[in-house]
Visitor: 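Can you read through this structure? Questions will come right after.
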Amino acid sequence: MAVADFVKSARESFRVGWKIESNWTDPVLFATYQIIRPLASLLIVAFIVIIGASVSAAGSLFYNQYLAWLIVGTAFYAYVLQAMLGMSLLVFIDRNRYEILKNIYISPGTLHPYIIGRGLVSVVNGTISVVLTLLFSEAIFNGVLHMNIPLNLLGVNLFMLIPAVILGIIGLLAIGYMLCALSIVANRMEFILGDSVSGIFFLLGGVIFPISLLPGPVQAISNVLPVTYFLNTVRESFGLLPVSNYTSDLALLGVTTLVALALGILVFRGAEQRARKLGLFDRKSEY
Amino acid sequence: MISGPTIRKDLSNNLRAAYARMWVRLRGSNRDPIALASEIGLPILTIGAYVILYHAIGLPASAGAAVIVGGAMIAFWTNVLWNMSSQWFWEREQGNLEMYMVAPVSRMSILLGMALGGSLNTAIRALGIVLLGIFVFQVPFQVRDPFSVGLVFFLTLAALYSLGMLFASLFMLYGREAWNTANLLQEPVYFLSGAYFPAIYAPIVPFGLQVAGSLIPMTIGLDAIRRLVINGASITSIWPEVLALIACILILFPLARHSLNYMESLGKKEGRLTLRWQ
């Protein structure tokens, strides 16, 4: 398939995906829905830290630094949530609810650009959540509560942030691609898949605590997840971790992303063959 | 001349409908061991992350116990949202809603069956979450008054599922809004109910937040349960919560009934009860 055709199909898929996800309401309400969920997640962890600071003997400097570290991690975790939950449900919704998966599969565009296009909708939703969460955090914790947390949105190093975000998104889309493949061959697993993977990343990816607090063998798993290096590099670009580690973290993010990409393609091919053999593209299962 | 059903016959039909709907829910949710295991295991991932966060910021181990109880109660909230509130939406998408509408029973009996089945199912999962949480994280619990724990737990579920019945009627005519609204009511309620905090009614938590959280029955029930099972409190110290939960049930259940009748009538007038793929 020519690159131009692939891009065209992915663009159309993005357009359809965007309409499905956003045109059920007006843009203001849609944006509100996009912000409330990640903001509430952020407030949960922020309040835990504030409660911790109120009962602990440690100085406020530790808690302020920890809060900034936590805000950035939680904000960028929105990409993980959007990609994992959105892409794990994609096949289920198109096969069971709208009953169009088989039509897309037999079209000249095939499923690949369709999935990428729909995945990019999750990326856009994630970006909206990240930007709004960071802005709200700055406004609430530094503006309203005057906590002086070391979070300077204007001081972020974009030359460090942009490559980290691009690589991180590619890694997440590759994992989402795997989830789509598994959804094609699995039955009634769509809700479990996305929740499991995002839950594992939440626990092992260093979202709300440093992975050094995990038991040794579990840390080994954290060290092979792209999410761990994605959040590290993002925090380094915000100046919340030593910048000297950035290059090695970015390289590890690149390697883990490549592995995820290769695995994604491999798993998808396997699932596609199995689905064709067993006639799963138009299987409809209800609860 | 055809005579109408007697009250006894009517009651019997409705109870049988509730039982049938409960049976379907119990059977449907427990037939797949992978789903059952994941519904117990998945919350442990999130709970684990919060317990480690508590450890990182130097909070005591009892805070970990609070988050395990909160995680177990969240299972009920998730069930209320996705299997009660959104249920008419799913049923309409699958073409079952019209069958419920023409059945010679009250829609409330069907909702009651869903609530009974859902609460029993979730109780099994919540117990699994608590036991697994205690085993994995070794957090302390001290239960001195098990009868009060049972009473508060029952009242909390009754209030929570009454709220679920009210939401079910409000969600009845929703299209894709149902999905998005259920999503929207997850994390904000986790936050407002203090499910992942050591305590919502602590002095450090702003008063406005405590008031907003108290509008959700889970917040009140969760606080009482935590005090009973973590602090070893007795019924004498949690009676305001008991009264508040009873008040919630007395308000929410009749409200759900009125709301259901209104939304059903509105749906018939606007022809939206059989619309799919909105």
Side-chain angles (χ1 to χ4, degrees), chain A residues 20-21 23-25 29-30 32-33 36-58 62-63 66-67 70 85 89 93 96-99 186-189 191-193 195-196 198-205 207-210 212-214 286-287, chain B residues 28-29 32 34-35 37-39 41-60 63 67 82 90 93-96 174-181 183-192 194-200 202-206 209 276-278:
Chain A
I20 291 172
E21 293 203 18
N23 74 359
W24 56 273
T25 185
L29 193 62
F30 175 71
T32 311
Y33 272 53
I36 283 183
R37 215 179 153 183
L39 189 65
S41 298
L42 173 72
L43 288 173
I44 290 171
V45 285
F47 264 90
I48 291 173
V49 174
I50 292 169
I51 290 170
S54 72
V55 298
S56 175
F62 164 77
Y63 287 102
Y66 196 93
L67 195 51
L70 212 140
L85 301 185
L89 285 172
I93 291 173
N96 280 35
R97 190 171 174 212
Y98 296 122
E99 300 174 21
N187 194 20
R188 293 199 296 263
M189 290 285 285
F191 297 104
I192 297 170
L193 277 176
D195 279 343
S196 308
S198 56
I200 289 168
F201 287 168
F202 187 67
L203 179 64
L204 305 182
V207 182
I208 61 171
F209 58 84
S212 56
L213 290 174
L214 289 166
E286 300 288 7
Y287 280 86
Chain B
S29 300
D32 185 353
I34 297 174
S38 67
E39 283 165 13
L42 283 180
I44 289 293
L45 297 173
T46 311
I47 289 171
Y50 285 114
V51 171
I52 298 172
L53 171 64
Y54 281 9
H55 174 67
I57 58 173
L59 282 169
V67 86
W82 293 102
W90 300 119
E93 289 291 315
Q94 293 176 3
N96 293 336
Y174 276 0
R176 278 172 293 159
E177 300 97 311
W179 186 282
N180 288 288
T181 308
N183 256 326
L184 182 75
L185 290 172
Q186 289 196 144
E187 275 80 359
V189 169
Y190 303 166
F191 170 60
L192 288 173
Y196 291 125
F197 301 163
I200 184 75
I204 189 75
V205 179
L209 188 65
R276 294 174 73 194
W277 302 335
Q278 279 174 277

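Throughout, a chain's letter reflects where its sequence line sits, starting with A, and its residues are numbered from 1.
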Visitor: What are the two closest non-hydrogen atoms of A:Ser41 and B:Glu187, and how far apart are they?
Guide: OG-CG, 3.1 Å
Visitor: Identify which of B:Thr181, B:Leu59, B:Ile204, B:Asn180 forms the greatest number of heavy-atom pairs closer than 4.5 Å to chain A.
Guide: B:Asn180
Visitor: For A:Leu214, which atoms come within 4.5 Å of any heavy atom of chain B: side chain, backbone, both, or neither?
Guide: side chain
Visitor: Determine the option with the most heavy-atom pairs under 4.5 angstrom with chain A, choosing from B:Tyr196, B:Trp90, B:Trp82.
Guide: B:Tyr196
Visitor: For A:Leu42, is it the side chain, the backbone, both or neither that has a heavy atom under 4.5 Å from a heavy atom of chain B?
Guide: neither
Visitor: Compare every heavy atom of B:Ala56 with every heavy atom of A:Phe62, then report the nearest pair and how far apart it is.
Guide: CZ-O, 3.9 Å
Visitor: How long is the gap from CD1 on B:Ile57 to CG on A:Leu67, to the nearest 0.5 Å?
Guide: 10.0 Å
Visitor: Given B:Ile52 and A:Leu203, is the side chain to side chain contact (heavy atoms under 4.5 Å, CB included) satisfied, shown in steps?
Guide: CA-CA 9 Å; B:Ile52 298 172; A:Leu203 179 64; 4.2 Å; yes
Visitor: Does A:Phe209 form a side chain to side chain contact (heavy atoms under 4.5 Å, CB included) with B:Tyr54? I'd like the steps, not just the answer.
Guide: CA-CA 9 Å; A:Phe209 58 84; B:Tyr54 281 9; over 6 Å; no
Visitor: To check you understand the geometry: which heavy-atom pair defines the closest contact between A:Ile44 and B:Phe197, and what is its length?
Guide: O-CE2, 3.5 Å
Visitor: Take A:Phe202 and B:Thr46 through the side chain to side chain contact (heavy atoms under 4.5 Å, CB included) test and state the conclusion after the steps.
Guide: CA-CA 7 Å; A:Phe202 187 67; B:Thr46 311; 4.0 Å; yes
Visitor: A:Gly199 and B:Leu45: which non-hydrogen atoms are nearest, and at how many Å?
Guide: C-CD1, 3.6 Å
Visitor: So which of A:Leu213, A:Leu43, A:Ile200 has the biggest tally of heavy-atom pairs under 4.5 Å with chain B?
Guide: A:Leu43
Visitor: Once the angle between the rings of A:Phe47 and B:Phe191 is folded into 0 to 90°, is it parallel (under 30°), tilted (30 to 60°) or perpendicular (over 60°)?
Guide: tilted
Visitor: Please flag which part of A:Leu204 lies under 4.5 Å from any non-hydrogen atom of chain B: side chain, backbone, both or neither.
Guide: neither
Visitor: Under 4.5 Å between any side-chain heavy atoms of A:Ile51 and B:Val205, yes or no?
Guide: yes
Visitor: Quick check on the interface: out of A:Val49, A:Asp195, A:Ile20, who has the most heavy-atom pairs with chain B under 4.5 Å?
Guide: A:Ile20
Visitor: Quick check: closest heavy atoms across B:Leu53 and A:Ile208, and the distance to 0.1 Å?
Guide: CD1-O, 3.3 Å
Visitor: Side chain, backbone, both or neither: which part of B:Leu209 has an atom under 4.5 Å from a heavy atom of chain A?
Guide: side chain
Visitor: Please classify the contact between B:Ala35 and chain A as side chain, backbone, both or neither, with a heavy-atom cut-off of under 4.5 Å.
Guide: both
